[in-house]
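Below, chain A is the first sequence line, B the second, and so on; all start at residue 1. Nothing here was measured: the structure is a model prediction, and the numbers come from that model.
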Amino acid sequence: MAQITISLPDGSQRSYDEGATTAVVASSIGSRLAKAAVAANVDGEEWDLGRPLHDGALVAIITGDSDEGRHVLRHSTAHVMAQAVTQLFPGAKYSIGPAINDGFYYDFELPGGRTFTEADLDAIDERMRAIVKADQPFTRDELPAAEALRVFADQPYKCEIIERVSSGSADPTDIDDLDSGEIGSGETISVYRNTPEFLDLCRGPHVPSTSKLGHFKLMKVAGAYWRGNEKGPMLQRIYGTAWESKSALDEHLHRLAEAEKRDHRKLAVELDLLSFPHELGGGLAVWHPKGAIVRKLMEDYSRERHTNGGYQFVFTPHLANGNLFQTSGHLDFYKDGMYPPMEMDNGTYYMKPMNCPMHCLIYRSRQRSYRELPLRLFELGNVYRYERAGTLHGLMRIRGFTQDDSHIFCMPEQAADEIASLLDFVMSVLRAFGFTDFTANLSTKDPKKYVGDDAAWDDATVALRSAMEKYGLEYKIKEGDAAFYGPKIDIDVRDAIGRTWQLSTIQYDFNLPERFELEYVGADNARHRPIMLHRALFGSVERFFGVLLEHYAGAFPTWMAPLQARVLPVAEGHEAYAHEVAARLRSEGIRADVADSADQLGKRIRAAKLDKIPYVLVVGDSDVAASTLGVNPRGGD
RNA sequence: GCCCAGAUAGCUCAGUCGGUAGAGCAUUUCACUCGUAAUGAAAAGGUCCAGGGUUCGAUUCCCUGUCUGGGCUCCA
């Protein structure tokens, strides 16, 4: 048996049997030695995590506080879960079970179409803990494909994977092949087992033994399509989370609880901001007075910045004749995302899913000169999109919403400068709302869904790229993620608890100017075609509001708080003075009210705090006498 | 659209093995007038999501729909 020797940071060496246990693991989870060991020299060659060594055997080092280490233990936990499920539910079919962010999942099909219940999760959890306790070693085997098919004869999903791998059609970059991508070269299939009865296709690596696991929790059951195919069978997916230590698990659960407390749907009810009445239908909201104040402040600020930024305001209707969307291409490309047609005596009408076609009509309403360009049209435009029922999510995914939408018409040679100054504008406005951490993505052409010629796409992509480089913004590339009419830049922001949200978008469009035959007269007295930039900064006002609500956990900065101050008289005798104070504040433009003394002071303070009012002002005898007040700020602003 | 789970007072939830329901908070009234996160008492508050079926009787069981939640798929 060949040996693998690893030099440890303390100068000592350790040898492992290569092949018998192919996952080489630092002696205990939580040890830090692995990070240093990754750079160790094995058999005279540099190697890295997960790199195949010696006839396809894999070696990996895990450490408790590395992403690689967590990945390994999560995936191993997924195996144990599948093992528990197959023991508890004879005849269960198991498909794939990868590690994901914070945890893992495994997809199953139970006999007779049975589904998992909450009680099942408890039983599975219990069985998993027994397997952990049994200290079963994970071992690796390689089987010829034909034998693997025999071994997994009663597991149709596994057979499908084996066939895909042995025919060479598995794609290791495909999420659905995560588990299968590297299980073999086509000739042989690698499997892991930790008891004689349970084995699973897997490229490894795994922890050496089930006893290294244990800090996990099964979270929920959900439906999931086999291989993500909407037409394919629906499997039962169990999600779990797994960590290297109890404290890490607890921390994760705590983070989840924090995020739940910040849920904008919950806060919207608690703070009386807005609601989604059933009578309206799914994905449609009504704004209550307090929510409306915040929204109005957001919109006012946006209008002010756009005025200063050289934008011209326009208004356009909510409906349009279908011919307009035929011209724009929406009916060809996104009919499914539009509300159904309304037949009228003079044509077929649709709710507008976007404002751009109408802005094109404004551009085209008369002849344009190059001297007018860039022409920046801005509208807080209401659009309606028929989002599929299962995708609606509070304010984040909604069917009727308002875009802070602008379309900038400019000469192609102006585009890079215009985009660079747009980036500046966008981030300056986002900073005003309290975001400081931005990342950008450049989305490129979707080869299956685009219009226009390839050269135009290339030019547009270069313009966006050079604008970001000019601005000095780092960006990632999302291949094939662009809209059908042109490439785009999306700006993601990180919120107070580290989640990222895609907010702003800047999209290059050479397609609509073509379709609407937009022109300008150039300095050469000839007609030219402008290009168009779509850009939304909030994205949707509703969604941005939802993100702000979660970012601030309901405690909006004072400038946008629905109520900025509440005056509390200590007792009945102080009420007149309290009203005087509030009136004075209101005359200074401060949103203030008074909570009279019907309840005890402590209770009124508590209520004001729960309402997240920035300043609670208490007035009693000494304040009346000296014309003062006690200031109790919310803190944290 | 698909899978699973829900919908009971304004909110959060309990309950009814099928005999039209209850708590806490909020609301109203009364008492208390209080100096920094819950004073006490009383009252009022419900088509138990909607429609159909089974039943002597349905909020409860079944079906359909609507809406919500978690996923999948989608996201111009």
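In terms of modelled atom types and a separation under 3.5 Å, the side chain of Ser95(A) and the main chain of Asp107(A) share a donor-acceptor contact. With hydrogens and angles ignored, the 3.5 Å screen pairs no side-chain donor or acceptor of Asp611(A) with any backbone N or O of Ile613(A).
The side chain of Thr391(A) lies closest to rC72(B), out of rU33(B), rC72(B), rA76(B). Distance from the side chain of Ile605(A) is smallest for rA37(B) among the nucleotides rA37(B), rA76(B), rG35(B). For Lys603(A), the listed nucleotide lying nearest its side chain is rA38(B); candidates were rU36(B), rG35(B), rA38(B). Of the candidates rU33(B), rG71(B), rG35(B), rG71(B) carries the atom nearest the Tyr239(A) side chain, counting heavy atoms from C-beta on. For Tyr386(A), the side-chain atoms get nearest to rG1(B) when compared with the rest of rG1(B), rU36(B), rG35(B). Closest to the Asp621(A) side chain, of the nucleotides rA76(B), rC72(B), rG35(B), is rG35(B). Here rA76(B) is the nucleotide among rU33(B), rA76(B), rU36(B) with the atom lying nearest to any side-chain atom of Met354(A). Residue Ala222(A) places its side chain closer to rG70(B) than to any other of rA76(B), rC11(B), rG70(B). For Gln236(A), the listed nucleotide lying nearest its side chain is rC4(B); candidates were rC4(B), rG35(B), rU36(B). When distances run from any side-chain atom of Asp599(A) to the nucleotides rC2(B), rA37(B), rU39(B), the shortest one goes to rU39(B).
Remark: the Arg388(A) side chain and the rC74(B) base include no donor-acceptor N/O pair separated by less than 3.5 Å. Below the 3.5 angstrom threshold, one finds no donor paired with an acceptor across the side chain of Arg227(A) and the base of rC72(B).
Whole-Å rounding puts the Phe333(A) CZ to rA76(B) C1' distance at 10 Å. When the C1' atom of rU73(B) is taken as reference, atom CZ of Arg397(A) falls 10 Å away, rounded to whole Å. If you measure from atom OH of Tyr577(A) to atom P of rG35(B), you get 18 Å, rounded to the nearest angstrom. In this structure, the NZ atom of Lys231(A) is 11 Å from the P atom of rC74(B), given to the nearest Å. The interatomic distance linking Asp611(A) (CG) with rC25(B) (C1') rounds to 14 Å, in whole Å. Nucleotide rU39(B) holds its P atom 9 Å from the CZ atom of Arg606(A), rounded to whole Å. Across the protein-nucleic acid pair, Ile398(A) atom CD1 and rC74(B) atom P stand 22 Å apart, rounded to whole Å. The distance between atom CD of Gln502(A) and atom C1' of rA76(B), rounded to the nearest whole Å, is 12 Å.
For the pair Arg237(A) and Tyr105(A), the cation sits on the ring face: its NZ or CZ lies under 6.0 Å from the ring centre, inside 45° of the axis. Under a cutoff of 6.0 Å and an axis angle of 45°, Lys220(A) and Tyr239(A) form a cation-pi pair. Annotation: cation-pi geometry not satisfied between Arg385(A) and Tyr339(A) (NZ/CZ under 6.0 angstrom from ring centroid, within 45° of ring axis). A cation-pi arrangement is absent between Arg494(A) and Trp501(A) under the rule of less than 6.0 angstrom and at most 45 degrees off the ring axis.
Counting any heavy atom pair closer than 4.0 Å across all strands shown, Pro353(A) reaches a base atom. When heavy atoms are screened at a 4.0 angstrom cut-off, Gly283(A) is found touching the sugar-phosphate backbone but no base atom. When heavy atoms are screened at a 4.0 angstrom cut-off, Asp336(A) is found touching no nucleic acid atom at all. Contacts of Gly232(A) with the nucleic acid, taken as non-hydrogen atoms under 4.0 Å apart, are absent. Nucleic acid contact for Gly282(A): sugar-phosphate only, since backbone atoms but no base atoms lie under 4.0 Å from a heavy atom of the residue. If you check every strand for non-hydrogen atoms under 4.0 Å, Phe276(A) touches nothing. As judged by a 4.0 angstrom heavy-atom cut-off over every strand, Gly620(A) is placed among the base-contacting residues. Note on Gln507(A): only backbone sugar-phosphate atoms sit closer than 4.0 angstrom, heavy atoms only; bases stay farther off.
The salt bridge (charged side-chain N to carboxylate O under 4.0 Å, His left out) check on Arg499(A) picks up Asp495(A), Glu550(A), with sequence neighbours excluded. For Glu387(A), the salt bridge (charged side-chain N to carboxylate O under 4.0 Å, His left out) test picks out Arg397(A), with sequence neighbours left out.
Comparing the P positions of rU60(B) and rC25(B) gives a spacing of 30 Å, expressed to the nearest Å. Using atom P as the reference point in both rA5(B) and rG40(B), the two lie 42 Å apart (nearest Å). With P as the reference atom, rG35(B) and rU39(B) are 13 Å apart, rounded to whole Å. rG69(B) and rA42(B): their C1' atoms are spaced 38 Å apart (whole Å). As rounded to the nearest Å, rG22(B) and rU16(B) have P atoms that lie 13 Å from one another. For rG46(B) and rC11(B), the P atoms lie 13 Å apart once the distance is rounded to whole Å. A distance of about 10 Å separates the C1' atoms of rG57(B) and rU20(B), rounded to the whole Å. Across the C1' atoms, rA41(B) and rA37(B) are found 23 Å apart, a figure rounded to whole Å.
Toward the 5' end of RNA chain B, the nearer of the two residues Met234(A) and Arg604(A), judged by each one's closest nucleotide, is Met234(A). Heavy-atom nearest nucleotides on RNA chain B were determined for Asp263(A) and for Lys488(A), and the one closer to the 5' end corresponds to Asp263(A).
In this structure, Tyr105(A) does not reach the rG70(B) phosphate: none of its side-chain N or O atoms is under 4.0 Å from OP1 or OP2. Applying the 4.0 Å criterion to OP1 and OP2 of rG6(B), one finds that Lys220(A) has every side-chain N and O outside that range. His393(A) has a side-chain polar atom (N or O) that falls below the 4.0 Å cut-off from OP1 or OP2 of rG70(B). A close approach under 4.0 Å does not occur between any side-chain nitrogen or oxygen of Arg385(A) and OP1 or OP2 of rA76(B).
For the residue pair Thr444(A) / Glu479(A), a side-chain donor-acceptor distance below 3.5 Å is found, with atom types taken as modelled. Side-chain atoms of Trp226(A) and Glu109(A) form no donor-acceptor pair, as typed in the model, at a separation below 3.5 Å.
Stem analysis of RNA chain B (Watson-Crick or G-U pairs, both distances under 3.5 Å, runs of at least three) returns B:1-7 with B:66-72, B:10-13 with B:22-25, B:27-31 with B:39-43, B:49-53 with B:61-65.
Considering every non-hydrogen atom in both Ala440(A) and Ile491(A), the closest pair reads CB-CD1, 4.3 Å.
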